[in-house]
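Structure, as structure tokens:
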Amino acid sequence: MITGACWRCLLLSFFFLRGSAQNFAQTRFICTSVPVDMDMCTSSMQNSGPTEDLKTTILQLRETVIQQKETIMNQKDTIRDLTSKLARCEGQTILEIPPNEPKVGAPGSRKKETGTTKNTMGDLSRTPTAETLTQLGQTLQSLKTRLENLEQYSRGNSSAQASSLKDLLQTKIDDLEKQVLSRVNNLEEGKVNLKNETELRGKIESALTSLQQRITDLEKGQKENRPADKFQLTFPLRTNYMYAKVKKSLPEMYAFTVCMWLKSNASPGVGTPFSYAVPGQANELVLIEWGNNPMEILINDKVAKLPFVINDGKWHHICIAWTTRDGVWEAYQDGVLRGNGENLAPYHPIKHQGVLVIGQEQDTLGGGFDATQAFVGELAHFNLWDRKLTVAEVYNLATCSNKALTGNVISWAETNIEIFGGATKWTFDACRQIN
């Protein structure tokens, strides 16, 4: 029995054959056996297998596209939500960055691109609020110490002008402390206003600069009353503009000993106490403690790790001795040999005609400073010899013996040092610190 659907199929076939009767000669018919109980039209549909597979594939692809579209829309909503939350968090914890100031990412390596410099007067604005307040507190404490030091050297001076100036400086420090305390209270109460933060930070920086200049002027009057080597350099903030430069150039050296007094509680890493660069080699001689790495001595870009632990906020005397023969080196802290080694740039003499900088690491000759590698703390009695000192000679230096030597290549004297960018120079006697 033929169903209605098959009747329609037969009628269509009839009309088709009728319209194409003239082409029978070119037509080839294929006969297919069909079971008695099977619908003829269903059988013809089953023979078109490839077409059905293609239709099924298209439907599956369409469903996949719809699902991916829904997933993308959901992800967009999630991204918008996370972006909104991140913006709120940044608004509560990060100080405002001026619109004309480029953002700086975390350093990926010790070296920066040659010739790149930054104006890090904005470095303070890029640090978290808590760290900024800590830095300001350290600066205020440093200024207080300097003022107390000046008062000790000014005893017996009955000048009304000197007394008035000291009172004025003390008042300035008190005012700054009140501003910082007020800032902390505002943060604790959650009353954060980015515009007010920027204005307040600018006022505090301006006041600190003025205060440092006044103290520096006052200290200049003390120069005639102290020996030329009784001074220290202070680097209160991690910037790329505070540094000191040694006026003398180094000779070619086949051995050396470098010694100094250091005081720092900076973390992570105290930074770069000194660096010596020559044409074609920025890392001719560098002492650096950067990030979470131990302190290192670099000679011709070759590295040795030093066993120093000095970031405890106390004064420490350190010495590093080296000779080009086999690259043998020794490291002393507080008069005691703490470590030694060999094969550090063997048979490479320290070249002459370079630039010796205190407080910054050089990426180019005399420049290319990176704020993240800057020294933070206090430094004094930097001396350099063109030979290895003996154990006894190093001990005499660390214990302030009257037999202590001064550097025959670089000796610590105010006339040999030039300071830049707000690094300060004031009276200091290492022997008074340890006795």
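I297 pairs in a side-chain contact (heavy atoms from CB on, under 4.5 Å) with only one of the listed residues (V286, L306, V303), which is L306. Screening W412, W261, F382 for a ring pair (Phe, Tyr, Trp, His ring centres under 6.0 Å) with F231, the sole residue that qualifies is W412.
You'll find the side chain of V246 stays beyond 4.5 Å of the side chain of V357, heavy atoms only. Taking the side chain as every heavy atom from C-beta outward, K248 and N416 approach each other to under 4.5 Å. The closest side-chain heavy-atom distance from V270 to M295 is below 4.5 Å. For the pair W322/V258, no side-chain contact is recorded, criterion being any heavy-atom separation below 4.5 Å from C-beta on. Within the 4.5 Å cutoff, side-chain heavy atoms of F274 are placed close to those of L356. With a 4.5 Å cut-off on side-chain heavy atoms, I310 and H316 count as touching. Residues P273 and L262 form a side-chain contact, since some pair of their non-hydrogen atoms from C-beta on lies under 4.5 Å apart. Side-chain contact check for N343 versus D326: every heavy-atom pair is 4.5 Å or farther apart.
Between the W290 side chain and the T372 main chain, a donor and an acceptor come within less than 3.5 Å of each other. T324 places no side-chain N or O within 3.5 Å of a backbone atom of Y254 that could act as its donor or acceptor partner. At distances below 3.5 Å, at least one donor-acceptor pair connects side-chain atoms of Q362 with backbone N or O atoms of V355. Q360 contributes a side-chain N or O that, together with a main-chain N or O of M242, makes up a donor-acceptor pair within less than 3.5 Å. Between the D334 side chain and the H317 main chain, a donor and an acceptor come within less than 3.5 Å of each other. E361 places no side-chain N or O within donor-acceptor distance of the main-chain N or O of L287, the cut-off being under 3.5 Å. Judged by distance alone, the side chain of S411 and the main-chain N or O of T406 form no donor-acceptor pair under 3.5 Å. A distance-only check finds a donor-acceptor pair linking the side chain of N383 to the backbone of H381 [under 3.5 Å]. Side-chain atoms of R338 do not come within 3.5 Å of backbone N or O of Y332 as any donor-acceptor pair.
Salt-bridge annotation for R387 and E393: present, with a side-chain N of the basic residue lying under 4.0 Å from a carboxylate O of the acidic one. Between K305 and E296 a salt bridge is recorded (basic side-chain N to carboxylate O distance below 4.0 Å). The pair K351-E252 fails the salt-bridge criterion, with no side-chain N (NZ, NE, NH1 or NH2) lying under 4.0 Å from an Asp/Glu carboxylate O.
Around NZ of K314, the count of heavy atoms belonging to other residues, nucleotides or ligands within 6.0 Å does not exceed 12. Environment of CG in N292: sparse, with no more than 12 heavy atoms of neighbouring residues, nucleotides or ligands closer than 6.0 Å. For K245, the NZ atom is loosely surrounded, since the number of other residues' heavy atoms within 6.0 Å does not exceed 12.
When all heavy atoms of A282 and A277 are compared, the pair lying nearest together is O-CB, 3.5 Å. Minimum interatomic distance between F375 and G377 (heavy atoms only, all atoms of both residues): CE2-C, 3.5 Å. Shown here for I417 and K247, the closest heavy-atom pair between the two residues is O-CE, 3.9 Å. Contact detail for L337 and A331: the closest heavy-atom pair is CD1-O, 3.5 Å. K263 and W315 make their closest contact through CD-NE1, 3.4 Å (heavy atoms, listed as atom of the first residue, atom of the second, distance). For S264 against V376, the heavy-atom pair with the smallest separation is OG-O, 2.6 Å.
Here the CG atom belonging to L389 is positioned 6.5 Å from the SG atom belonging to C319, to the nearest 0.5 angstrom. The distance from atom CD of E414 to atom CG of L233, rounded to the nearest 0.5 Å, is 9.0 Å. Put simply, OH on Y243 and OG1 on T272 are 14.5 Å apart, with the number rounded to the nearest 0.5 Å. Atoms NE2 and OH, from H352 and Y276 in turn, are 8.0 Å apart once rounded to the nearest 0.5 Å. One finds the OG1 atom of T257 at 9.5 Å from the CG atom of N408 (value rounded to the nearest 0.5 Å). Atom CG of L250 and atom CD1 of I410 lie 5.5 Å apart (nearest 0.5 Å).
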Next item on the list: Take V328 and E342 through the side chain to side chain contact (heavy atoms under 4.5 Å, CB included) test and state the conclusion after the steps.
Entry: CA-CA 4 Å; V328 175; E342 58 183 15; 4.1 Å; yes
Next item on the list: Decide yes or no on side chain to side chain donor-acceptor pair (under 3.5 Å) for N300 and N283, but give the supporting numbers first.
Entry: CA-CA 6 Å; N300 192 33; N283 291 334; over 6 Å; no
Next item on the list: Show the numbers, then the answer: is there a side chain to side chain contact (heavy atoms under 4.5 Å, CB included) between I299 and E284?
Entry: CA-CA 5 Å; I299 299 177; E284 183 68 6; 5.8 Å; no
Next item on the list: Step by step, work out the side chain to side chain contact (heavy atoms under 4.5 Å, CB included) result for K403 and Y395.
Entry: CA-CA 10 Å; K403 298 179 182 179; Y395 183 79; over 6 Å; no
Next item on the list: With side chain to side chain donor-acceptor pair (under 3.5 Å) as the test, would you mind laying out the steps for T234 and E378 before giving the verdict?
Entry: CA-CA 5 Å; T234 300; E378 300 165 41; 4.7 Å; no
Item checked: V409/W385 under side chain to side chain contact (heavy atoms under 4.5 Å, CB included): CA gap, chis, key distance, verdict -> CA-CA 5 Å; V409 176; W385 295 261; 5.6 Å; no
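For Y241 and F369, the ring centers are positioned 6.0 Å apart or more.
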